[in-house]
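Just the heavy atoms: all of them, side chains too, but no hydrogens, waters or symmetry mates, feed the values below. Below, chains carry the letters A, B, ... as their sequence lines are ordered, and counting in each starts from 1.
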2 protein chains.
Amino acid sequence: MAYHQCTVHPEKVEEVARGMQAPQTLDRMSAFLKVVADPTRLRIVNALLMGELCVCDLAALLGMEHSAVSHQLAVLRKNAVVSVRQAGKVKYYSLSDDHINTVFNVTLTHVNE
Amino acid sequence: MAYHQCTVHPEKVEEVARGMQAPQTLDRMSAFLKVVADPTRLRIVNALLMGELCVCDLAALLGMEHSAVSHQLAVLRKNAVVSVRQAGKVKYYSLSDDHINTVFNVTLTHVNE
DNA sequence: ATAACACATGAACGCACGTTCATATGAACC
DNA sequence: GGTTCATATGAACGTGCGTTCATGTGTTAT
């Protein structure tokens with residue numbers, strides 16, 4: 001059976017529609033949340049909460065290939081979640097923003113409630 | 001060329017490893033973030049910030065099929081993001097938690113910085 | 001300058017996940 | 001009880017995305 005046109009409340013819908021964030025804002029929010037939602041990247045963020053780390057140590061910490069870690073770091077970089085500091089051959093990554101800290105902690109308390 | 005075992009700093013890695021959240025905690029955090037990272041579900045959350053809505057009005061607001069909305073609401077329900085109140089044939093959805101409000105607003109200010 | 005090290009990037013494979021179509025449940029009204 | 005309305009659920013299809021493998025870039029040291 002096909003779907004019917006149900007009884008909508010147009011005034012209510014329009015009121016809420018006006019209160020909605022702009023589409024491109026929601027897209028950026030969605031993109032950011034997707035970035036930190038990935039388990040591997042969330043573990044990287046968790047680690048970097050305690051200070052900067054090089055790719056090498058991150059790979060050892062997570063028990064992953066350098067390549068995999070580097071790919072995830074590229075995603076985090078392109079979304080301005082982490083920053084890089086180069087010292088010789090080694091690159092040290094750190095969180096570039098304080099909001100990530102907040103999001104992490106609020107999410108943490110939410111799942112622990 | 002294959003990857004070499006690079007020069008790790010074991011004491012640093014172990015220190016950070018001790019400070020990491022438990023794996024199941026990170027998994028729950030990841031799962032929650034994935035739920036709200038989806039564009040459609042984020043729009044639903046945005047709408048419900050302004051008060052409860054029925055499936056019918058949500059479908060009209062989002063310009064989607066009832067079925068698609070209902071599927072996403074099921075995901076949000078199973079992850080305790082929304083609650084249902086039934087009034088006759090109609091089911092009204094609302095945010096079940098205040099943390100979601102916080103996560104939404106912090107994320108919003110982050111992408112606007 | 002050549003080699004070894006630390007990391008980045010490109011491409012391809014595999015799978016999870018959102019959408020869609022179809023069907024099912026459940027409530028209210030006749 | 002049968003029909004209509006409001007929502008839920010099942011299954012299959014398509015695609016985006018994370019992983020892996022292979023190769024590339026850049027830096028230091030000899």
Side-chain angles (χ1 to χ4, degrees), chain A residues 1-9 12-13 26-27 30-45 52-79 82-94, chain B residues 1-9 12-13 26-27 30-45 52-79 82-94:
Chain A
M1 189 204 317
Y3 277 99
H4 308 282
Q5 182 77 357
C6 71
T7 314
V8 202
H9 310 81
K12 180 83 182 173
V13 172
L26 288 169
D27 285 347
S30 171
F32 167 75
L33 290 170
K34 249 181 201 164
V35 167
V36 293
D38 178 75
T40 299
R41 293 190 290 260
L42 189 64
R43 291 172 72 200
I44 293 176
V45 169
E52 65 176 15
L53 285 171
C54 67
V55 180
C56 173
D57 286 346
L58 275 171
L61 176 69
L62 305 179
M64 296 177 64
E65 299 266 355
H66 295 123
S67 175
V69 175
S70 197
H71 272 293
Q72 303 302 342
L73 286 171
V75 176
L76 291 168
R77 243 187 301 124
K78 283 163 190 163
N79 287 271
V82 299
S83 306
V84 203
R85 177 180 72 86
Q86 184 150 5
K89 300 185 270 188
V90 184
K91 296 190 177 177
Y92 291 96
Y93 280 86
S94 58
Chain B
M1 186 206 317
Y3 278 98
H4 309 281
Q5 179 77 356
C6 74
T7 314
V8 202
H9 309 81
K12 180 83 181 171
V13 172
L26 288 168
D27 285 347
S30 170
F32 168 73
L33 289 169
K34 246 180 203 164
V35 166
V36 292
D38 178 76
T40 300
R41 291 190 292 257
L42 189 63
R43 291 171 72 202
I44 293 176
V45 169
E52 64 176 16
L53 285 170
C54 67
V55 180
C56 172
D57 287 346
L58 275 170
L61 177 69
L62 305 177
M64 297 176 62
E65 298 266 356
H66 296 123
S67 176
V69 176
S70 196
H71 273 292
Q72 302 302 343
L73 285 171
V75 176
L76 291 168
R77 246 187 300 124
K78 284 163 190 163
N79 286 272
V82 299
S83 305
V84 204
R85 178 180 71 87
Q86 185 149 5
K89 300 185 269 187
V90 183
K91 295 191 179 179
Y92 291 96
Y93 281 86
S94 58

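Judged by distance alone with a 3.5 Å cut-off, a donor-acceptor contact links the side chain of S67(B) to the base of dC21(C). With hydrogens and angles left out, the side chain of H71(A) and the base of dT20(D) share a donor-acceptor pair within 3.5 Å.
Straight-line distance from the CG atom of L33(B) to the P atom of dC17(C): 14 Å, rounded to whole Å. Whole-Å rounding puts the E52(B) CD to dT7(D) C1' distance at 16 Å. Between the NZ atom of K91(A) and the P atom of dG26(D) there is a distance of 9 Å, rounded to whole Å. For R85(B) and dA6(D), the CZ to P distance is 16 Å, given to the nearest whole Å. Nucleotide dC21(D) holds its C1' atom 16 Å from the NE2 atom of H66(A), rounded to whole Å. When the P atom of dC17(D) is taken as reference, atom CG of L76(A) falls 15 Å away, rounded to whole Å.
Annotation: of the two residues near DNA chain D, S70(B) and K34(A), the 5′-most nearest-nucleotide partner is S70(B). Between A68(A) and Y92(B), the residue whose closest nucleotide on DNA chain D is further toward the 5' end is Y92(B).
In this structure, the nucleotide among dT7(D), dC17(D), dT27(D) sitting nearest to the side chain of K89(A) is dT27(D). When each of dT9(D), dG18(C), dG18(D) is scored by its nearest atom to the side-chain atoms of D38(B), the top-ranked nucleotide is dG18(C). Taking only side-chain atoms of V55(A), from C-beta outward, the nucleotide of dT9(D), dT20(D), dA8(C) with the closest atom is dA8(C).
Contact annotation: T40(B) side-chain N/O to dT19(C) OP1/OP2 distance is under 4.0 Å. In terms of phosphate contacts, Q86(B) brings no side-chain nitrogen or oxygen within less than 4.0 Å of OP1 or OP2 of dG26(C). Contact check, R77(B) against dT9(D): a side-chain N or O comes under 4.0 Å of OP1 or OP2. Contact between the side-chain N/O atoms of Q72(B) and the OP1/OP2 oxygens of dT19(C) is found at a separation under 4.0 Å. Residue Y93(A) places at least one side-chain N or O closer than 4.0 Å to OP1 or OP2 of dA8(C).
You'll find the side chain of D57(A) stays beyond 4.5 Å of the side chain of L61(A), heavy atoms only.
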